[in-house]
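Just so you know, these numbers use all the heavy atoms, side chains as well, and skip hydrogens, waters and symmetry mates.
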Amino acid sequence: MRSLRYPIAAVAAVAVIAGPGTASAQTTAGACTVTPAVAGASGADVCQKGRDLFSLLVPQIGVALSGGNTIVGEGGTLGGWGKRMLQLRLSAVDGRVPANDVPVRVTGPAVASDFGASRVPVPMPSIDAAVGLFKGMPFGLTNVGGVDVLLGATYLPAIQASDFELTPTGSNLAFSYGVRVGALQESSLVPGVSVSFMRRKLPTMNFGYGSSNDTLRIENFALTSNALRLAASKRFLVFGIAAGVGRDQIDGTSSLRAAVNEQILSTNQRFSGTLPNLRTTVSRNTAFVNASLNLLILRLIGEYGWSSQGESLNTLNTFGAHQANERYRYGSLGLTVRF
């Protein structure tokens with residue numbers, strides 16, 4: 001009866017993953033400062049705009065990093081020690097970046113502005129690998145409790161659209177790791193079912209927004225995604241299908257640096273604004289479907305997914321008809337080889 005615990009655990013995982021989220025979404029920051037500290041200068045507007053831009057970008061970059069299926073096209077484990085799989089994947093979120101030329105001020109209170117929103121794909125190329133550790137225990141026509149180790153590397157390209165830019169500060173690569181536990185091993189009659197956890201990271205980056213001769217820069221941006229997934233798959237000759245649900249916890253940290261030119265007391269001055277310890281944490285549900293085609297030793301996989309709207313991140317500024325932490329659609333293409 002011991003082996004029955006694995007299917008029961010999988011059912012419990014469905015309830016946990018697919019259930020409504022209880023974790024709160026929030027953006028926090030340190031003290032805002034403006035230099036030179038002349039009479040009438042205030043960081044209220046510039047720091048609020050930087051904080052709101054951060055709130056807009058973190059969830060969608062996090063969704064692109066997490067993707068859908070941990071290994072696209074796969075639902076079960078590999079089937080034991082020594083079995084390996086390598087996958088090249090390109091994921092992209094149907095994202096939004098600021099479109100309007102919005103003035104930034106260092107006088108008076110924070111002012112609500114509309115940044116607008118341009119539709120831009122947020123790409124995330126990666127390479128993932130799985131290595132079989134344990135085949136699992138026999139259970140009827142299948143095995144339960146198989147274990148795979150998951151490894152990965154994410155590549156971050158530079159992005160530029162309108163007044164917005166994103167650039168890595170050092171290496172374009174960051175590494176990921178995780179584990180996959182099989183509830184059912186795929187066989188001729190039984191689908192593959194597994195629960196997996198993957199911790200993914202982005203290379204450290206800067207992104208900035210330019211408005212006239214003013215700039216807002218989010219510096220040393222780091223993002224981590226903890227992705228929990230429940231997936232099932234089945235192959236039919238040269239075709240295969242997979243589907244699943246999951247839960248993402250996305251955590252982004254950074255700091256703001258701004259340069260603002262403004263006239264105070266009839267004198268044109270250039271101000272520098274800083275906002276350290278920016279942090280946004282959100283939790284989101286996701287669901288995905290995969291379809292695959294076997295091409296001799298290679299498998300070509302396509303994925304389409306939905307990341308549900310998370311708990312609202314309140315912003316003073318607006319982004320056209322869009323908001324921070326809204327729902328996103330994403331897709332992936334993968335090429336897999338087993339050896």
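- Between Phe221 and Phe54, the ring planes lie perpendicular to each other; the angle is over 60°, past the 30° to 60° tilted range.
- A donor-acceptor contact closer than 3.5 angstrom links the side chains of Thr286 and Tyr330.
- Annotation: Arg327, atom CZ; neighbour count of heavy atoms from other residues, nucleotides and ligands within 6.0 Å does not exceed 12.
- Using a 4.5 Å cut-off on side-chain heavy atoms (C-beta onward), Trp306 and Val245 make no contact.
- Remark: the Arg284 side chain and the Ser307 side chain contain an N/O donor-acceptor pair separated by less than 3.5 Å.
- Between Arg235 and Glu74 a salt bridge is recorded (basic side-chain N to carboxylate O distance below 4.0 Å).
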Self-check item: From CA spacing to verdict: salt bridge (charged side-chain N to carboxylate O under 4.0 Å, His left out), Arg200, Asp128
Solution: CA-CA 11 Å; Arg200 299 184 185 272; Asp128 296 305; 3.1 Å; yes

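- For the residue pair Gln185 / Thr77, a side-chain donor-acceptor distance below 3.5 Å is found, with atom types taken as modelled.
- Around atom CD of Gln249, no more than 12 heavy atoms belonging to other residues, nucleotides or ligands sit under 6.0 Å away.
- In the model, Lys49 has a side-chain atom that pairs as donor or acceptor with a side-chain atom of Ser113 under 3.5 Å.
- Here Arg229 pairs with Asp248 in a salt bridge; the nearest charged N to carboxylate O distance falls below 4.0 Å.
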Practice problem: Take Arg96 and Ser118, measure what side-chain contact (heavy atoms from CB on, under 4.5 Å) needs, and give me the verdict at the end. | Solution: CA-CA 5 Å; Arg96 301 291 185 272; Ser118 292; over 6 Å; no

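- The salt bridge (Lys or Arg N to Asp or Glu O under 4.0 Å) test applied to Arg51 returns no partner, not counting sequence neighbours.
- Taking a 6.0 Å sphere around CZ of Arg329, one finds it holds more than 12 heavy atoms contributed by other residues, nucleotides or ligands.
- Screening Thr318, Thr27, Asn317 for a side-chain hydrogen bond (donor to acceptor under 3.5 Å, both in side chains) with Asp52, the sole residue that qualifies is Asn317.
- Judged by distance alone, the side chains of Asn206 and Glu219 never bring a donor and an acceptor atom under 3.5 Å apart.
- More than 12 heavy atoms of other residues, nucleotides or ligands sit less than 6.0 Å from atom OH of Tyr304.
- Evaluation of the side chain to side chain donor-acceptor pair (under 3.5 Å) test over residues 142-158, restricted to residues two or more places apart or in two chains, returns Asp148-Arg180.
- Rounding to the nearest 0.5 angstrom, the gap separating the CG atom in Leu65 from the CD1 atom in Ile250 is 8.0 Å.
- With hydrogens and angles left out, the side-chain atoms of Arg279 and Thr28 include no donor and acceptor closer than 3.5 Å.
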